[in-house]
Structure formats: C-alpha cells, structure tokens
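Just so it is clear, the structure is predicted and the values come from calculations on it, not from any experiment.
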Amino acid sequence: MQLGINLGYWGAGMDGDNLAVAQEADRLGYAVCWAAEAYGSDAATVLSWVAAQTERIDVGSAIFQIPARQPAMTAMTAATLDSLSGGRFRLGLGVSGPQVSEGWYGVKFDKPLARTREYVEIVRRAMTRERLTYEGEHWTLPLPGGPGKPIKLTVHPQREHIPLYIAAIGPKNLEQTGEIADGALLIFPSAEHLEETTIKHLRAGREKAGLTLDGFDVSPTLPIALGDDTDVDRLADVFRPYTALYVGGMGSAKQNFYNQLAQRMGYEKEAAEIQRKYLSGDKQGAAAAIPQDLIDRTTLLGSVDRIAERMRAYAAAGVTTLNLAPAGFSLDERLASLRAGTEALERAGLA
C-alpha cells in the first residue's frame, strides 16, 4: 500500500503551508499529492504550482469537476500537466453535486452516470491524439451542420496513458468507476465497511469490463491527527465540523451522497439527525450529533502504533493508495503527521 497526501482546497490562509506539506511529502517518498476544487481555488493551477516545486511525487486532481469544463478542455489540461510535470499527473474526475453544478456552473445535475461515461470516453479519445469525433446523448463533436471539423490534440503527453480516477460514493457510480476508470477516489471510508459499501461494487464493474481489481487503485482520503491513545476522543473532536459539513451540509436534502454513505454504514438515524440540524442552521448541534465511532472509523487518530494498526486494516480491506489529510493548527503539526504516516506504514509492514 502506498501513501498519498491530499491538500484539499488551496487557501484559508494555508497557501504557503500547503506547499511546504507537498514538498515534505515529496521528500518522504509519498506517491501522489492531490488538490481539490469546488468554488474557490481551481485544482489545475495548484497542481502546476506544486509540480514546479517538487521532484518525484505525482500530482493529481481530486477532482476536476465535470460540469466546470468541456471534456476536450480537460484532455488539454491533463496532457499539458503531464508534459510539464515530466509524466507525474493523475487525472481525477467527478460530477460535483447539485448545488455547485447548478448554482455555480449553471449546468443541470441530471444523468450523472451517463454524463460521466461520455466525458471519460471523449477525454480518452482526445488524448489518443487522433482527430476527435463523438456522437452521444450529451456531447456531439463536431456539432452537425456547422463549420466545426474534427481536430486533434497538438500537445504530446509525457505518457501514452494518463491514469484516470473517478470520485465515487454510490453503488452505481462505484460499479461504473470500476468498469471505465483506473482508480477510485473515496471519502469517509471505513475499513470495517469497505467491502460492503465499496469494494464489491468496484469488483462488479471490473468484471463487467472483463477485468479484475489487480492494477486498479482504490484510493481513499483519511484525515490524520497524531496524539496520545488516551486522547483519541479529543482528536476526534477536531474533525466534527468537517464530518458535519459533508454528512449534513453537502449537496441538497434529497441528494447528499455522503449522508447516504453514512446510512449504508449503519448510521441511518444519526445521519438524518445530523442533516436536519445542519440544514436548519445548527452546525454546532450537527457536529455534536456525530457518533464518536463514525469519526474514529473514518480517520487515523492517536499514536503511530494505533495508526499503523488502522493502516493494516485498510490494506487488508483492499486499499492500494491511502491518502492522508494531516490536521493541525500549525505547519509543524501537519508535518509531524506526515512523518508519522510514513513511520506507521513501516511499522505496519506495508512500506
């Protein structure tokens, strides 16, 4: 199992810290550095900045939002980043959610599976550097009856095949991801529930494509906080606002994929209560309603030995790249968590 680092969203006063975190991850031998986007910083610019100031670590989009870019533009960006980074780019895609898709980009959030499948097909076709033509439900290239003509990509990626990941949570999305992608970007993974909530759906998709999970990258992100094992409850409290935001406030009342995941993990009543409080404006109440074990099962908390034990559980459950999101109120705390991650991986016998 490899380790990655997830910088999340650029900004919030941590710009310089995030670069230092990425550079330390590069020095420590982390496999990949991911950057996210929603409606603030864009991932492509951040990844260019990180790639220019690191040497070995891959850089990946987690995610490029499908409603934000035409697929041919994503192919251009992926090819450019791969070329500039010396073959270190990983392309992560996702549909975002209804609030961002429709409120920020003005793109109707409908038929996300079909749109994702067509998007991936166009991106991959464009990156073959053959003249681009496509006929689908959501995209037709070139547009019929006009001056458009088939065009081919002029940029040469460093590699013939750029790894393509999809952010997936729901069973149908996971199955399609297993079928059409090289890896899955996951959030709130519990090692104890991973087979039932995630792996079995990815496996079904791979089987549909005549493939196995061999070579497929199961790549979740877990927050990590280093501390004493007797202080795990306090460490878990650090992530209550984060968990409440996703389980309670992401998406809409009817379309919150993270809330649905918590329900599939056995927290049906709790997930409903967290969402009810969050959407009513009671964010503190929503955070307080999160069960302690839900946080503990979806984060890495405590001593290096305790984190190593959890890493073994994730590896046994099928995780191949474990991405860490180091917590801390200072750069030193975040860097300490990074170093603890590599030490824990070694103690777990997984390095």
> Which residue, Tyr278, Tyr258, Phe239, forms the ring pair (Phe, Tyr, Trp, His ring centres under 6.0 Å) with Tyr246?
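That would be Tyr258.
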> Looking at Arg125 and Glu130, is there a salt bridge between them, counting it only when a charged N and a carboxylate O are closer than 4.0 Å?
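No, this pair does not count.
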> Between Arg306 and Asp228, does at least one N-O distance fall below 4.0 Å, as a salt bridge requires?
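So Arg306 does not pair with Asp228 through a salt bridge.
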> With no hydrogens and no angle check, is any side-chain donor or acceptor of Thr77 less than 3.5 Å from a backbone partner on Met73?
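Yes, the answer is positive, given that a donor and an acceptor are paired below the 3.5 Å cut-off.
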> Return a table of donor-acceptor pairs under 3.5 angstrom between the side chains of residues 143-158 and protein atoms on other chains or two or more places apart.
residue	atom	partner	partner atom	Å
His156	NE2	Arg129	NH2	3.3

> Under a 4.0 Å N-O cut-off, is there an ion pair linking Asp237 with Arg234?
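No, no charged N to carboxylate O under 4.0 Å.
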> According to salt bridge (charged side-chain N to carboxylate O under 4.0 Å, His left out), does anything in residues 41-55 pair up with another residue at least two apart or in another chain? List the pairs.
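Sorted pair list comes back empty.
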> If you measure from the Lys or Arg side-chain nitrogens to the Asp or Glu carboxylate oxygens, is any gap between Arg312 and Glu309 under 4.0 Å?
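Here Arg312 does not pair with Glu309 in a salt bridge, since their nearest N and O are not under 4.0 Å apart.
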> Within 45° of the axis and under 6.0 Å from the centre of the six-membered ring of Phe64, does NZ or CZ of Arg69 qualify?
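Judged by the rule (NZ or CZ under 6.0 Å from the ring centre, within 45° of its axis), Arg69 counts as positioned above Phe64.
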> Would you check if the side chain of Asp58 reaches a backbone N or O of Phe89 as a donor-acceptor pair within less than 3.5 Å?
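Side chain of Asp58 to backbone of Phe89: no pair is present.
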> Looking at Glu343 and Arg339, is there a salt bridge between them, counting it only when a charged N and a carboxylate O are closer than 4.0 Å?
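Salt bridge between Arg339 and Glu343, a charged N being under 4.0 Å from a carboxylate O: no.
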> With a 3.5 Å distance limit and no angle check, can you tell me whether Thr298 reaches the backbone of Leu294 through a side-chain donor-acceptor pair?
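Side chain of Thr298 to backbone of Leu294, a donor-acceptor pair under 3.5 Å: yes, one is there.
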> Below 30° counts as parallel, above 60° as perpendicular, anything between as tilted: where do the rings of Phe109 and Phe257 land?
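Judged by the thresholds at 30° and 60°, the geometry between Phe109 and Phe257 is tilted.
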> Under the salt bridge (Lys or Arg N to Asp or Glu O under 4.0 Å) rule, collect the residues that match up with Arg88, sequence neighbours excluded.
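Applying salt bridge (Lys or Arg N to Asp or Glu O under 4.0 Å) to Arg88 gives none.
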> Which label fits Tyr242 and Phe188: parallel for a plane angle under 30°, tilted from 30 to 60°, or perpendicular past 60°?
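Tilted: the ring planes of Tyr242 and Phe188 meet at 30° to 60°.
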> Looking only at atom types and distance, does a side-chain atom of Asp182 sit under 3.5 Å from a main-chain N or O of Asp217, one as donor and one as acceptor?
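Checking the backbone N and O of Asp217 against the side chain of Asp182, no donor-acceptor pair under 3.5 Å is found.
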> Does the Arg56 side chain pair with the main chain of Asp26, one donor and one acceptor, at a distance under 3.5 Å?
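Such a contact is found between Arg56 side chain and Asp26 backbone.
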> Look only at the side chain of Tyr314 and the backbone of Pro189, and say whether a donor-acceptor pair between them is shorter than 3.5 Å.
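Between the backbone of Pro189 and the side chain of Tyr314 there is a qualifying donor-acceptor contact (under 3.5 Å).
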> Output yes when a side-chain donor or acceptor of Asn259 lies under 3.5 Å from a complementary backbone atom of Ala271, and no otherwise.
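It does hold such a pair.
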> Does Glu196 form a salt bridge (charged side-chain N to carboxylate O under 4.0 Å, His left out) with Lys200? I'd like the steps, not just the answer.
CA-CA 6 Å; Glu196 184 64 24; Lys200 74 174 186 179; 2.7 Å; yes
